Number of protein chains: 2
Amino acid sequence: MTGYEVRSVISETLGHFWHESFGQIYPALQALEEAGHVRRTGRGPGSRRVAEITASGRARLRELLAEPVATPPPRNGTLLRLFFGTELAPGAARTLVDEAVRRADEALAGFAAVRAEVSGDDSPEQAFRTMTLSYGEHVARAQLAWAQECRDALDTLEATASDPKEAPGAGG
Amino acid sequence: MTGYEVRSVISETLGHFWHESFGQIYPALQALEEAGHVRRTGRGPGSRRVAEITASGRARLRELLAEPVATPPPRNGTLLRLFFGTELAPGAARTLVDEAVRRADEALAGFAAVRAEVSGDDSPEQAFRTMTLSYGEHVARAQLAWAQECRDALDTLEATASDPKEAPGAGG
DNA sequence: GTCATCATGTAAACCGTTACATGATTGT
DNA sequence: ACAATCATGTAACGGTTTACATGATGAC
């Protein structure tokens, strides 16, 4: 694969849970070549340099995969804004929730397409790929359910705000 | 609040979706003071410098909260390792899933404690706080359901690997 | 007295994105 | 011709963590 192809495959196949930019990939490829973890051809047509993993590269991959999972500090911009909901302009909270729905719907549509592609294959590789896919589906569905709950909560909030004396749901 | 307290409140209240380190907080507090967005007392007992938000600070907060939500490129270490499941040592995939279960269980326990604390209050602030809490709960439950699915898939994978001729679930 | 916690700050290191610079190939 | 895409790289910039340095307060 070329560096360019590495990036395509990452965004197409791991896109919903991983990301690498060219600024990471090309220097990494050079370092890996120097370390003997990949072999690269000279420049071919279109300046392409095809890289191939070596035995030591595969060993290094296994080493890295065996390292403990790093859980980076969370930063969820939607929740941060929602937390400060009382400082938001009217309707802004609802917009945030609507955007979350749109993102989750889009994600689910993408996952459905991949599902259709990979179904029928029962190799171990596909089993593992299906697990990562399923994670995305579960989380996206959870986000949709949560968003619906939020919409209801925002309805209640608006109702009580415009009609402070009434108990919510008691009509008016 | 002191910078130290800001950090405590962030990790206690927003901990499941946001994080700030001292290296961010203290320089930020200085910049905010210079910009007139916070007012700070001189050094009190224990060297504490108490900061308070100003009107312009609150305006700035609203400005920042109105900015579009940035969605950083995803990087999920667990899924990355699982994707390369065939390169993993035997049992490593299961360990990853088990760890995910432990993390989700811990998170849910923490959420339950907060739920108990904030229940009964129906102020707008609490409504928004409950939304962020509920997000954590929905996602954590989705992760648990996913993990159970993964365990089943790993069982099937191990069964077919040790007994390649048998159809999965046909007994033997 | 000493330990944990409260408290403030600085600086180096790290990681990663983004913008830039450049050029080949392919389709229209 | 020209645009889109393929392709490789470098460098600046920005945000964050981590480590370090320092000291007060309160509990035991």
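Note that the structure is a prediction, hence the values are computed from the model and not measured. Note on naming: letters A, B, ... go to the chains in the order of the sequence lines (proteins, then strands), and numbering restarts at 1 for each one.
Looking at Arg60(B) and Glu63(B), a side-chain N of the basic residue comes within less than 4.0 Å of a carboxylate O on the acidic one, giving a salt bridge. A salt bridge is absent between Arg40(B) and Glu34(B): the closest approach of a Lys/Arg side-chain nitrogen to an acidic carboxylate oxygen does not fall below 4.0 angstrom.
As a whole-Å value, the separation of Tyr26(B) OH from dT18(D) P is 17 Å. Nucleotide dG9(D) holds its P atom 15 Å from the CZ atom of Arg7(A), rounded to whole Å. To the nearest angstrom, C1' of dG9(C) lies 17 Å from CD of Glu20(B). As a whole-Å value, the separation of Glu5(A) CD from dA24(C) P is 19 Å. Note: CH2 (Trp18(A)) to P (dC15(C)) measures 13 Å, nearest angstrom. Atom OH in Tyr4(B) sits about 4 Å away from atom P in dC6(C), given to the nearest Å. In this structure, Arg48(B) atom CZ and dT5(C) atom C1' are separated by 13 Å, rounded to whole Å. The CZ atom of Arg75(A) sits 17 Å away from the P atom of dG14(D) (whole-angstrom rounding).
Between Arg49(B) and the phosphate of dT8(C), there is no side-chain N or O to OP1/OP2 separation shorter than 4.0 Å. Residue Gln30(B) places at least one side-chain N or O under 4.0 Å from the OP1 or OP2 atom of dT10(C). Side-chain nitrogen and oxygen atoms of Arg43(A) include at least one within less than 4.0 Å of the OP1 or OP2 phosphate oxygen of dG9(D). Taking side-chain N and O atoms only, His19(A) has no distance below 4.0 Å to OP1 or OP2 of dG16(C). Under 4.0 angstrom from either OP1 or OP2 of dT8(D) there lies at least one side-chain N or O belonging to Thr2(A).
Stacking of Arg48(A) on the aromatic ring of Tyr4(A) is not recorded, the 6.0 Å distance cut-off and the 45° axial limit not both being met.
Which of dA7(D), dG9(D), dT10(C) sits closest to the side chain of Arg40(A) comes down to dG9(D).
Using a 4.0 Å heavy-atom criterion, one finds that Ser21(B) contacts the bases of the nucleic acid, with or without backbone contacts as well. Among the atoms of the strands shown, only primed sugar atoms or phosphate atoms (P, OP1, OP2) are found under 4.0 Å from some heavy atom of Ser47(A). Residue contacts for Gly23(B): at a heavy-atom cut-off of 4.0 Å it reaches a base atom on one of the strands shown.
The shortest non-hydrogen separation linking Leu79(A) to Thr132(B) is O-CG2, 3.5 Å.
When atom types are taken as modelled, the side chain of Ser11(A) and the backbone of Ser8(A) share a donor-acceptor pair closer than 3.5 angstrom.
Residues Pro45(B) and Pro45(A) each lie close to DNA chain D; by heavy-atom proximity, the contact nearer the 5' end of the strand is made by Pro45(A). If Gly44(A) and Gln24(A) are placed on DNA chain C by their nearest nucleotide, the residue sitting closer to the 5' end is Gln24(A).
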